[in-house]
Amino acid sequence: MLRFTVVTIFPQMLDSALGHSILHKAREKGLIEIDMVDLRNYTTDRHRTTDDSPYGGGQGMVMKPEPLVTAIEDIRGKTGGARVILLTPRGRVLSQQDAHRLAQEKELVLICGRYEGIDERVGAFVDEEISIGDYTLSGGEPAAHVIIDAVSRLIPGVLGNEDSAADESFVDGLLEYPQYTRPEDFRGMKVPQVLISGDHQRIESWRREKSVEITRERRPDLLAGASFSTAEKVREKEIKSYVYVEIMHYTD
Ligand code: SAM
């Protein structure tokens, strides 16, 4: 069982998002637990203040360190070895490998920022800083949802079919092959013959080939981290030299 604790000033914000489909079933089966913790419970003033104006001036407000650090220390004290993650656009961008690594944990604490961000000193109290991509969200809550989803589906028993997580994009460093369902002919676009051939070996190698091809076209940066068989490496080299010859021919 993996317990996620989300520290936020909007504890109700993810209720609906986390209460459906796979995550809902995973919670019901006791495979994951999600606790939403209201940061305002860790304030000490009458107005339950969590933010203040930035030193040095500038736009907006900054989240104060005291409530956040008190919350982190309290949750750490209650849970033992919780791994505390600060959600920030300045963090390392979440990858599938990170999701696998985090799925091994027992307790994850996700700290959601708001406003202009969080007092820098809070960084000294967390285990790591994660971003979900190179763009700015209004708050850490959607990022917490993304992490909970990506991590939970890797926990054994969460997906109905144990194989579905093994087959997807990024698992072996490649994007997924194209998928089709009925009808066989949709507005003149036919399902590739090989998929209706019933020949499982051919289907498997077609899928692998398509995975490599799509990754090469759309995310060539991923190829460096992917694992290839010797035969595939030879083929890649042939393709590269073919492309090189074609380019030379074109520029002549
Ligand atoms: N001023 C901050 C900056 O430029 O880095 C952005 C603050 S943002 C408006 C408010 C909060 O949203 C952040 O503290 C963080 O918790 C969350 N957030 C925004 N973008 C994010 C991203 N790409 N990944 C994870 N969390 C993000």
Side-chain angles (χ1 to χ4, degrees), residues 2-18 23 32 34-43 45 47-76 79 82-105 107-154 169-170 175 218-219 221-222:
L2 198 167
R3 181 179 18 231
F4 298 92
T5 304
V6 182
V7 179
T8 166
I9 55 166
F10 296 117
Q12 269 94 45
M13 195 171 178
L14 296 180
D15 278 356
S16 167
L18 298 172
L23 292 180
I32 60 167
I34 305 169
D35 291 343
M36 305 302 291
V37 168
D38 188 346
L39 181 65
R40 293 193 197 281
N41 294 343
Y42 292 94
T43 56
D45 65 315
H47 302 290
R48 309 180 86 204
T49 314
T50 56
D51 60 303
D52 206 338
S53 47
Y55 274 113
Q59 297 285 313
M61 300 297 267
V62 174
M63 292 187 82
K64 289 163 67 60
E66 305 95 319
L68 282 165
V69 171
T70 316
I72 291 170
E73 288 174 341
D74 182 45
I75 298 162
R76 271 215 180 99
T79 56
R83 186 161 188 82
V84 180
I85 298 170
L86 180 64
L87 301 164
T88 161
R90 282 168 34 181
R92 206 169 81 132
V93 177
L94 182 76
S95 68
Q96 187 67 14
Q97 282 91 333
D98 290 319
H100 276 282
R101 175 173 58 82
L102 298 175
Q104 309 302 316
E105 297 286 338
E107 301 270 355
L108 288 177
V109 182
L110 305 171
I111 309 288
C112 303
R114 278 270 147 186
Y115 317 116
E116 283 307 307
I118 291 174
D119 186 291
E120 187 70 15
R121 292 164 290 186
V122 175
F125 297 85
V126 305
D127 296 303
E128 63 183 299
E129 300 190 8
I130 290 185
S131 161
I132 61 157
D134 293 340
Y135 38 78
T136 308
L137 303 165
S138 311
E141 294 77 8
H145 182 195
V146 166
I147 292 180
I148 292 171
D149 192 306
V151 171
S152 297
R153 62 205 311 287
L154 299 175
S169 287
F170 305 112
L175 299 179
R218 298 185 188 184
R219 291 290 306 277
D221 57 301
L222 292 175

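Counting starts at 1 for both ligands and their atoms, in listed order. Each residue takes its place number in the sequence, starting with 1.
Tyr42 pairs with exactly one of Val37, Leu68, Thr50, Val69 by the side chain to side chain contact (heavy atoms under 4.5 Å, CB included) rule, that one being Val37.
The closest side-chain donor-acceptor pair between Glu141 and Thr8 falls under 3.5 angstrom.
Between Thr43 and Glu66 there is no side-chain heavy-atom pair separated by less than 4.5 Å.
Close contacts of ligand 1 with Gly113, meaning ligand atoms under 4.0 Å from a residue heavy atom, involve 11 (C), 12 (O), 14 (O), 16 (O). Proximity to Gly117 (heavy-atom distance under 4.0 Å) selects the following atoms of ligand 1: 7 (C), 14 (O). Taking every heavy atom of Gly140 and a limit of under 4.0 angstrom, the matching atoms of ligand 1 come to 12 (O), 16 (O), 17 (C). Of all atoms in ligand 1, numbered sequentially from 1 with element shown, those under 4.0 Å from a heavy atom of Tyr115 are 7 (C), 8 (S), 9 (C), 10 (C). Taking every heavy atom of Ala143 and a limit of under 4.0 angstrom, the matching atoms of ligand 1 come to 25 (C), 26 (N).
With hydrogens left out, the protein atom closest to atom 5 (O) of ligand 1 is Pro89 CG, 3.4 Å, a heavy atom. When only non-hydrogen protein atoms are considered, atom 6 (C) of ligand 1 lies nearest to Thr136 CG2, 3.9 Å. What sits closest to atom 8 (S) of ligand 1 on the protein, heavy atoms only, is Leu137 O, 3.2 Å. When hydrogens are left out, the protein atom nearest atom 23 (N) of ligand 1 is Tyr135 O, 2.9 Å; that is the closest non-hydrogen contact. The protein heavy atom nearest to atom 2 (C) of ligand 1 is Glu116 O, 3.3 Å. What sits closest to atom 16 (O) of ligand 1 on the protein, heavy atoms only, is Leu87 O, 2.6 Å.
Residues Val62 and Asp119 approach most closely at CG1-N, 3.5 Å, considering heavy atoms.
Within the 4.0 Å heavy-atom criterion, both parts of Ile132, backbone and side chain, lie near ligand 1.
Between the side chain of Asp149 and the backbone N or O of Val146 there is no donor-acceptor pair closer than 3.5 Å.
The CE atom of Met63 sits 12.0 Å away from the CG atom of Asp52 when rounded to the nearest 0.5 Å. Atom CZ of Arg219 and atom CG of Leu175 lie 6.5 Å apart (nearest 0.5 Å). Distance check: Leu108 CG to Thr5 OG1 gives 8.5 Å after rounding to the nearest 0.5 Å.
By the definition of a contact as any protein heavy atom under 4.0 Å away, atom 26 (N) of ligand 1 is in contact.
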